[in-house]
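Every number for a ligand or one of its atoms is a count from 1 in the order of the listing. Start at 1 with the first residue, then count along the sequence. Note: hydrogens, waters and symmetry copies are ignored here, and every other heavy atom, side chains too, is used.
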Amino acid sequence: MSKEKIYTICGMCSVRCPAEAWREDGRVLRLSGNSQAGGIKGAMCPRGAAGIGLLEDDERPQHPMIRTGERGAGQWRQATWDEALDFVAGKLADIKAKHGAKSVICSDRGGPFTDLHRAFIKGFGSPNMLSHDPSCASNVNHAAVSLFGAGRASLSLDLRNAKHIVLQTRNIFEAVNVKEVNDILDAQEDGCKITVIDIRGTITACKADNFFMIRPGTDYAFNLAVIHELLTANLYDAGFAQRSIADLDKLFSFVAPYTPEWAEQETGVPAASIRKLARQLAQAAPSVIWHPGWMTSRYEDSFQVSRTSYIINALLGAYGAKGGLAAANGAGDVGRKGLKTFSALFPKVEEPRADGIDTVNTHIAPGGGLAHKAYEAMTTGEPYPVKGYIAWRHDPIKAYPDPPAMKRHFANLDLLVSVTFSWSETAWFSDVVLPLSTYLERESPIGGKSGLVPQFYIRNKVVEPRFDTRSEREIIGGLARRLGLDPLVFDTAEAMWEYQLGETGVSLEDFKAKGFVPLASSALYREPKYKTPSGKIEMVNALWEKNGVPSLAPYVSPARPGDGQFRITFGRVVLHTQGHTVNNPYLHEQMPENVLWINTDRAKELGVRNGDMVEVAAANGGAPAGRLRAKVTRFIHPEAVFMVHGFGHQLPMESRARGRGTADVDHMPGGLDRWSRGGGGVNMQEHFLVVRKAG
Ligand SMILES: Nc1nc2c(c(=O)[nH]1)N[C@H]1C(S)=C(S)[C@@H](COP(=O)(O)OP(=O)(O)OC[C@H]3O[C@@H](n4cnc5c(=O)[nH]c(N)nc54)[C@H](O)[C@@H]3O)O[C@H]1N2
Ligand SMILES: Nc1nc2c(c(=O)[nH]1)N[C@H]1C(S)=C(S)[C@@H](COP(=O)(O)OP(=O)(O)OC[C@H]3O[C@@H](n4cnc5c(=O)[nH]c(N)nc54)[C@H](O)[C@@H]3O)O[C@H]1N2
Ligand code: SF4
Ligand SMILES: [Mo]
């Protein structure tokens, strides 16, 4: 048989790059980025290339499983799909009869492929579709909502044409999105300047024109000083401010005390450098992007850090500018029709939410919600008991602080289901594991992507499933059929796609050439229409104020670690995705465990040398110690230690990952209760560690 190229969408992380797979004799020969997709240039990151490792891995769930022993004890019986779906549907119906449909919640990772299971939960009658966001982008998302009346995805960052990009808490060359990385490299060749603000010398920092190693947790001080300088030195875009910013005078008086000299004391960055940066940005304006951050579930004031990033962009007039932040166009913005949603098949659910955001914290957007509050309801029964939970593409036990606390909540459930293609702590603790086919073995719903040019893109099946696994269409369809939600039953992928394409004027044939369909012929730059009461970017948001969260919040200096202590910090690495690739045979070979970044001088005090095994433990007790090797370096701030997130797996099924490195979440006891009222994010870096050389 000859080689064939099949268009797909990479499934190795949440970025979902357009990709191509070469197939021969029913096997995948090679994966690469889609060479026709703008900005991708055929490139793929190492995790994408290791997609074949996922496909070939035998250490993933191979067939449906139903728990037979205690929760988490790892005793399972293999089930047929009919048995497993009967079991889940039966339990869901029982819970509905006893407690009401609202007693069932579902969480997922958001993104373009969620509509099918969102529709399922809606059709079932529950208002409780939640996302992982309180552990990821909730703070930056709500920062955007509080200023623009729309979330962070309403803006498209035109990195390719920017003249100055500020990356703050954003390690873009390691926490990768392939198009963004290519765009920045191209922009740099055209003279774009990069400023990095981080607590570590990252790969991104190595490529920067300016690098500021900031004291952990003081970014808000830095940003306030930049605003102070832009306003007092008259470096801001007065025309844009007049037109598009509400309450600039309030911002002016609020930042009065926050001078660069004051910020130097907090951040450790010289006042002169902050002043110089403000001038450089004003010179490059409006083609500037101060990145508002992505993984912002770090500090009590991360919400304010993101807000001030967006405010700086506004003062520089960057909204709507080429090389700035423009409105992300959907199909409707370019005169086209969008995909027909599955959710539209069912009426709105008029029930109160388990996370309480319809009564308290009403500023939190329902799309993400507060999953940690819904987990609490499993234990407290407030506002009502939560008895069923479908974790869809989500491993909350290892993605939220304090796994034992999570398990205590989940122990109260009548049903915990995990839909996943790899083992996870949550799957292991579940009653039923429904194994999803890997992205190379399944079709997904067509994705719609907004941007300067909106587009639709398609994931075709590249090879037949190696094991008894199924696609999301088959899993949801199987449950829907059993629960009387017939509109969600599509017998073929084509039938599902045809439904979605409805009145778009796009046919399946149109995807054949490139794997995606652009909905406009050129980029459309426009300033967003701000969905706020004033129609402008609002410095003061009435809803947040009403809920007790000041929009212009006074700066509070973060606690310094006590004697011999360190602030815990964490992040990503180019070789792994969260916790779900550490057992991938190829990626494991490249990076089998995480290490502890520790500052050279601090390590010396502890008698720790590079490569030594160390023990880390929560400074206030309450959690067992973890072990990993030390990476002794000058390139980390002395107040912090850093570890890559996602390691420390303990499951017997994962022979490679098991017992290697430690999990950051294991060292955050009580962390579920600490979260930002402003943005909903869990404050995962408000924890301190003690470190000692292992015996
Ligand atoms: N302490 C700490 N906590 C963190 C972070 C951190 O850095 N430190 N990072 C946070 C961030 S940014 C995020 S985004 C979250 C990530 O949180 P999670 O999304 O829970 O993390 P993963 O480890 O990627 O687990 C995802 C699970 O979904 C499965 N999966 C992957 N793709 C698919 C799919 O397409 N469909 C289905 N059904 N299943 C799929 C995987 O096999 C895996 O079991 O964690 C957050 N939590
Ligand atoms: N390779 C890879 N790429 C990914 C992912 C992945 O798992 N692997 N996941 C994707 C997802 S879901 C997300 S959310 C994004 C996350 O993308 P990012 O948010 O960019 O990634 P992180 O590595 O979590 O954090 C960025 C940087 O914040 C720094 N930092 C920590 N504390 C502070 C502080 O107090 N101040 C400052 N200024 N910096 C600080 C860390 O040192 C780190 O270098 O990445 C996406 N891309
Ligand atoms: S960034 Fe890498 S892993 Fe993520 S979708 Fe793109 S190629 Fe795949
Ligand atoms: Mo994330």
message = Whether the Ser430 and Tyr389 side chains hold a donor-acceptor pair (N or O, under 3.5 Å, no angle test) is what I'd like checked.
response = no

Ligand 3 atoms in contact with Met12 (distance to a heavy atom under 4.0 Å) = 3 (S)

task = With atom 22 (P) of ligand 1 as the reference point, say which of Gln578, Met12, Arg393, Met643 has the nearest heavy atom.
result = Gln578

query = Between Lys407 and Glu425, is the closest basic N to carboxylate O distance under 4.0 Å?
reply = yes

ask   = Looking only at distance, does Val419 have an N or O less than 3.5 Å from an N or O of ligand 1?
value = yes

query = What residue and heavy atom of the protein are closest to atom 2 (Fe) of ligand 3, and at what distance?
reply = Cys45 SG, 2.4 Å

message = Please determine whether the number of non-hydrogen atoms from other residues, nucleotides or ligands lying under 6.0 Å from atom CD of Gln62 exceeds 12.
response = yes

request  = Ignoring hydrogens and angles, tell me if any N or O in the side chain of Thr426 forms a donor-acceptor pair with the backbone of Ile397 under 3.5 Å.
outcome  = yes

request  = Check each of Asp186, Leu185, Ile165 against Leu159 using the side chain to side chain contact (heavy atoms under 4.5 Å, CB included) test, and report the only one that passes.
outcome  = Ile165

Donor on one side chain, acceptor on other, Ser35 and Glu20, under 3.5 Å = yes

query = Short list, please: which atoms of ligand 3 are under 4.0 Å from a heavy atom of Met44?
reply = 7 (S)

query = Using 4.0 Å as the upper bound for N to carboxylate O, is an ion pair formed by Arg567 and Glu686?
reply = yes

query = Leu436 heavy atoms, cut-off 4.0 Å: which ligand 1 atoms fall inside?
reply = 34 (C), 36 (N), 37 (C), 38 (N)

query = What is the closest protein heavy atom to atom 32 (N) of ligand 1, and at what distance does it sit?
reply = Phe421 CE2, 3.1 Å

The one among Ala391, Ser422, Ser444, Ala427 that brings a heavy atom closest to atom 42 (O) of ligand 1 = Ser422

note = Atoms of ligand 1 under 4.0 Å from any heavy atom of His394, numbered from 1 in the order shown, are 20 (O), 27 (C), 28 (O)

query = Would you say His132 and ligand 1 have an N/O pair spaced under 3.5 Å apart?
reply = no

query = Hey, are Asp133 and Arg152 close enough for a salt bridge, meaning a charged N less than 4.0 Å from a carboxylate O?
reply = no

query = Backbone or side chain, does Cys10 get an N/O/S atom under 2.8 Å to atom 8 (Fe) of ligand 3?
reply = yes

Heavy atom of the protein closest to atom 29 (C) of ligand 1 (residue, atom name, distance) = Thr420 OG1, 3.6 Å

inquiry  = Please report whether ligand 1 has a polar contact with Lys398, defined as an N or O pair separated by less than 3.5 Å (distance criterion only).
reply    = no

task = Step through it carefully: locate the ring centre of Tyr439, locate the ring centre of Phe113, and say whether they are under 6.0 Å apart.
result = no

query = Which atoms of ligand 1 sit under 4.0 Å from any heavy atom of Met668?
reply = 1 (N)

message = Counting only heavy atoms, tell me which of His645, His117, Arg60 gets closest to atom 3 (N) of ligand 1.
response = His645

message = Geometry only, no angles: is Arg442 polar-contacting ligand 1 at N/O separations under 3.5 Å?
response = yes

task = Considering only non-hydrogen protein atoms, determine which one is nearest to atom 18 (P) of ligand 1 and report residue, atom name and distance to 0.1 Å.
result = Arg109 NH1, 3.7 Å

message = Considering non-hydrogen atoms of the protein only, which is the closest contact for atom 1 (S) of ligand 3, and what is the distance?
response = Arg47 NH2, 3.4 Å

query = Any idea how His372 and Tyr400 line up, ring-wise: parallel (<30°), tilted (30 to 60°), or perpendicular (>60°)?
reply = tilted

ask   = For the ring pair Tyr375 and Phe410, is the centre-to-centre distance below 6.0 Å?
value = yes

request  = May I ask you to decide if the ring planes of Phe570 and His645 are parallel, tilted or perpendicular, using 30° and 60° as cut-offs?
outcome  = tilted

message = For Arg170, is there an ion pair with Glu180 - N to carboxylate O distance below 4.0 angstrom?
response = yes

Candidate list Leu116, Leu488, Val489, Ile476, test side chain to side chain contact (heavy atoms under 4.5 Å, CB included), partner Met496, passing option = Leu116

request  = Please report which non-hydrogen protein atom sits nearest to atom 45 (O) of ligand 1, along with the residue it belongs to and the distance in Å to one decimal place.
outcome  = Ala399 CB, 3.4 Å

query = Strictly under 4.0 Å, does any heavy atom of Arg572 approach an atom of ligand 1?
reply = yes

message = Tell me whether Glu472 reaches ligand 1 (any heavy atom closer than 4.0 angstrom to a ligand atom).
response = no

note = If you scan protein heavy atoms around atom 4 (Fe) of ligand 3, the nearest is Cys13 SG, 2.4 Å

ask   = So, His394 and Ser107: side-chain donor and acceptor under 3.5 Å apart, yes or no?
value = yes

task = Could you check atom 1 (N) of ligand 1 against the protein and tell me its nearest heavy-atom contact, residue, atom and distance included?
result = Asp664 OD2, 3.0 Å

request  = Answer yes when Glu441 and Arg60 have at least one side-chain N-carboxylate O distance shorter than 4.0 Å, and no when they do not.
outcome  = yes

key: Which of the ligand 1 atoms, numbered from 1, are nearer than 4.0 Å to a heavy atom of Met295   = 5 (C), 6 (C), 9 (N), 10 (C), 12 (S)

ask   = Nearest to atom 6 (Fe) of ligand 3, what protein heavy atom do you find, and at what distance?
value = Cys17 SG, 2.3 Å

ask   = If we ignore angles and hydrogens, is there a donor and acceptor under 3.5 Å between the side chains of Ser444 and Glu472?
value = yes

ask   = Who's the nearest protein heavy-atom neighbour of atom 23 (O) of ligand 1, and how far?
value = Gly579 N, 2.9 Å

query = Can you tell me the protein heavy atom closest to atom 10 (C) of ligand 1 and the distance?
reply = Ser135 O, 3.0 Å

task = Taking atom types as modelled, find out whether Thr581 and Arg47 have a side-chain donor-acceptor pair closer than 3.5 angstrom.
result = no

request  = Could you list which atoms of ligand 1 come closer than 4.0 Å to a heavy atom of Met684?
outcome  = 1 (N), 2 (C), 3 (N), 4 (C), 47 (N)

note = Atoms of ligand 3 under 4.0 Å from any heavy atom of Val176, numbered from 1 in the order shown, are 1 (S)

Ser424: numbered ligand 1 atoms lying under 4.0 Å from its heavy atoms = 44 (O)

task = For atom 24 (O) of ligand 1, find the nearest protein heavy atom and state the residue, atom name and distance (0.1 Å precision).
result = His580 ND1, 2.8 Å

